[in-house]
Colleague: 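This is the structure I have questions about; it appears just below.
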Amino acid sequence: MKFIIPARKPFKFMSVVNSHGWRQLAPFSFDEDTKTLSYILRLSNARVIELKLSDGKDGVTVETDKLRKPEQNEVADTVDWMFGLNMDFSTFHAASRAEPKLAHIKKQALGRVLRSPTLFEDVIKTILTTNTLWGATINMTRRLVDEFGFSLDGGLNNPKDVSKPVVEALQTKSFPTPESIAASSPEYIKEKIRVGYRAPAIHELAVRIAMGQFDLEFLKTSDLPTLELRKGLMTINGVGPYAAANLLMILGRHDFIPIDSYALKMVSYEWYKGKPITPKDVEKRFEKWGGFKGLAFWFWDWKYNG
DNA sequence: GGTAGACCTGGACGC
DNA sequence: GCGTCCAGGTCTACC
């Protein structure tokens, strides 16, 4: 079946897909030729389906298996969250109008950041981006999904269908639930998923959620002040200043800048002739953007591009 | 508050 | 093929 979920204008499908690297991480996959973003979703009734998401007229076109009405509603809510379809960036667009380095913002409808259906998935993925190279993040996420995810229900892409190419067969599992990871052990995760010292942090978070000791998903809609939200995120082992700022951006809070080594490089080449700088120098350069600091940094038209 | 070192994987490089 | 070096944030201990 196929349906469109409308977005608040202005909206550009590809601007969200390209907002950061999430589209490269399982269970996402992206087809450059058709500009289709695929995502393997486990519904609340445990059914696992593939969503094929593409540009709709002022919204997102969803193509998937036949769904019952409650399932279709759940898919619509999920895609709405993933693309931030109702988010309003008009104030930021107006504020950035006079800045040449942000002149492209309004035209490209920038501001939305691609999110996973659950904050649990985004936190785990963010932890997997820390202290490692992007290629390793892709591999660690892939192994985590392969090991603890749930297989698609039937269909041509079922992994049991060995006639399909290997690459396609790999894209057939949903992201793990906290319960599926919690049922394992830090030692097993370290050895099998090869996430190194991150294993205890990942397992601990999964256990806390699975045992009902930590309502992480509540933070998605919480109206806590950003500082409090940040404190809450930083109680998670493995989440430091960079990871917290990255997660706040995903949550639509833009008061902090995710400063990693790449950010230091970009700011250094932008204003300090490539000399070594500190996170304070980055903060100083974006201070004037206040609550839009993160957005201005994220979508800045950098001189340095790697 | 600032700094140093350990943590672990995987890519690059030299042999 | 093997060994070594290095990049990449977080956490802890220490000053």
Side-chain angles (χ1 to χ4, degrees), chain A residues 20-26 113 116 119-148 167 170 175-176 181 184-209 214 216 219 226-251 253-270 272 274-287 293-294 297-298 302 304-306:
Chain A
H20 59 147
W22 259 211
R23 73 176 212 193
Q24 295 179 40
L25 300 182
V113 171
S116 304
L119 187 53
F120 172 67
E121 181 174 335
D122 279 334
V123 171
I124 297 292
K125 284 177 172 173
T126 299
I127 290 174
L128 295 182
T129 66
T130 59
N131 199 24
T132 192
L133 304 177
W134 181 244
T137 300
I138 292 174
N139 292 334
M140 287 188 277
T141 310
R142 161 58 55 207
R143 288 192 291 267
L144 192 73
V145 167
D146 283 347
E147 184 66 24
F148 299 114
V167 174
L170 286 172
F175 197 80
I181 295 179
S184 179
S185 68
E187 294 76 24
Y188 185 82
I189 295 168
K190 183 175 175 181
E191 188 190 328
K192 190 82 180 178
I193 316 300
R194 302 209 298 279
V195 295
Y197 66 90
R198 301 170 192 83
I202 290 168
H203 186 255
E204 183 192 289
L205 176 64
V207 168
R208 279 173 72 196
I209 296 171
F214 184 32
L216 181 61
L219 300 182
T226 307
L227 214 53
E228 293 300 311
L229 206 51
R230 182 173 184 263
K231 272 187 197 167
L233 289 168
M234 287 178 70
T235 63
I236 301 168
N237 263 334
V239 175
Y242 159 78
N246 193 57
L247 289 164
L248 286 173
M249 282 292 293
I250 284 171
L251 287 170
R253 306 291 188 103
H254 311 112
D255 329 33
F256 288 87
I257 301 173
I259 304 173
D260 57 5
S261 54
Y262 194 70
L264 293 173
K265 248 182 220 167
M266 291 193 296
V267 172
S268 172
Y269 280 95
E270 192 78 11
Y272 299 93
K275 291 177 186 163
I277 61 166
T278 67
K280 277 188 177 173
D281 297 316
V282 179
E283 293 287 345
K284 203 165 67 187
R285 287 291 166 181
F286 286 89
E287 199 56 56
K293 217 189 286 179
F297 166 83
W298 199 283
W302 299 101
Y304 180 85
N305 54 17

Colleague: Does a side-chain heavy-atom distance below 4.5 Å link A/M249 with A/H254?
Modeller: yes

Colleague: Figure out the CG/C1' separation between A/N237 and C/dT10, and round it to whole Å.
Modeller: 9 Å

Colleague: Can you check whether A/E270 reaches A/M266 side chain to side chain, under 4.5 Å on heavy atoms?
Modeller: no

Colleague: Would you classify A/I236 as touching base, sugar-phosphate or nothing, given that sugar-phosphate means primed atoms plus P, OP1 and OP2, and contacts are heavy atoms under 4.0 Å?
Modeller: sugar-phosphate

Colleague: What is the distance from CG of A/L133 to P of C/dC5, rounded to the nearest Å?
Modeller: 18 Å

Colleague: Taking all heavy atoms of A/T130 and all of A/I127, pick out the closest pair and write down the distance.
Modeller: OG1-O, 2.6 Å

Colleague: So which protein N/O to nucleotides 13-15 of chain C N/O distances come out below 3.5 Å?
Modeller:
none

Colleague: Under 4.0 Å, counting only non-hydrogen atoms across every strand here, what does A/S261 touch: a base, just sugar-phosphate, or nothing?
Modeller: sugar-phosphate

Colleague: Tell me the interatomic distance from A/I127, atom CD1, to C/dG9, atom P, rounded to whole angstroms.
Modeller: 15 Å

Colleague: Would you kindly give the NZ-to-P distance between A/K190 and B/dT9, to the nearest whole Å?
Modeller: 6 Å

Colleague: Would you call the rings of A/Y188 and A/F148 parallel, tilted or perpendicular, taking 30° and 60° as the class edges?
Modeller: perpendicular

Colleague: Mind listing the closest non-hydrogen atom pair of A/P176 and A/L144 along with its distance?
Modeller: CG-O, 3.6 Å

Colleague: Please answer whether the main-chain N or O of A/V195 pairs with a side-chain N or O of A/R143 as donor and acceptor at a distance below 3.5 Å.
Modeller: no

Colleague: Hey, does the side chain of A/K265 come within less than 4.0 Å of C/dA7's phosphate (OP1/OP2), counting only N and O?
Modeller: no

Colleague: When you compare the side chain of A/E204 with that of A/F214, does any pair of heavy atoms fall below 4.5 Å?
Modeller: no

Colleague: How many Å lie between CZ on A/F256 and C1' on C/dG9, as a whole number?
Modeller: 17 Å

Colleague: Any side-chain N or O of A/R143 less than 4.0 Å from the OP1 or OP2 oxygen of B/dG10?
Modeller: yes

Colleague: Return whichever of A/N131 or A/M140 has its heavy-atom-nearest nucleotide of DNA chain B closer to the 5' end.
Modeller: A/N131

Colleague: Measure CG/A/L128 against P/C/dG8 and give the value in whole Å, please.
Modeller: 18 Å

Colleague: Salt bridge (Lys or Arg N to Asp or Glu O under 4.0 Å), that's the test. Do A/K231 and A/E228 meet it? Break it down for me.
Modeller: CA-CA 5 Å; A/K231 272 187 197 167; A/E228 293 300 311; 3.8 Å; yes

Colleague: Where do A/A199 and A/P186 come nearest, in terms of heavy atoms and distance?
Modeller: CB-O, 3.4 Å

Colleague: Calculate the interatomic distance between A/E204 atom CD and C/dT10 atom P; express it in whole Å.
Modeller: 16 Å

Colleague: Looking at the side chain of A/T132, which of C/dC11, C/dT10, C/dG8 is the nearest nucleotide?
Modeller: C/dG8

Colleague: What integer distance in Å separates A/Y262:OH from C/dG8:P?
Modeller: 11 Å

Colleague: Can you sort out which residues in residues 192-200 of chain A have a heavy atom within less than 4.0 Å of DNA chain B? Ascending by number, please.
Modeller: A/R194, A/G196, A/Y197

Colleague: Quick check for you: to the nearest 0.5 Å, what is the distance between A/I124 atom CD1 and A/L119 atom CG?
Modeller: 10.0 Å

Colleague: What's the verdict on side chain to side chain contact (heavy atoms under 4.5 Å, CB included) for A/Y272 and A/L264, showing C-alpha distance, side-chain angles and the deciding distance?
Modeller: CA-CA 10 Å; A/Y272 299 93; A/L264 293 173; over 6 Å; no

Colleague: What nucleic acid atoms does A/A201 come within less than 4.0 Å of, heavy atoms only: base, sugar-phosphate, or nothing?
Modeller: nothing

Colleague: Between the two end axes of the helix from B/dG1-C/dC15 to B/dC15-C/dG1, each built from 5 base pairs, what angle do you get to the nearest 10°?
Modeller: 30°

Colleague: Donor-acceptor pair, A/K125 side chain versus A/A26 backbone, under 3.5 Å?
Modeller: yes

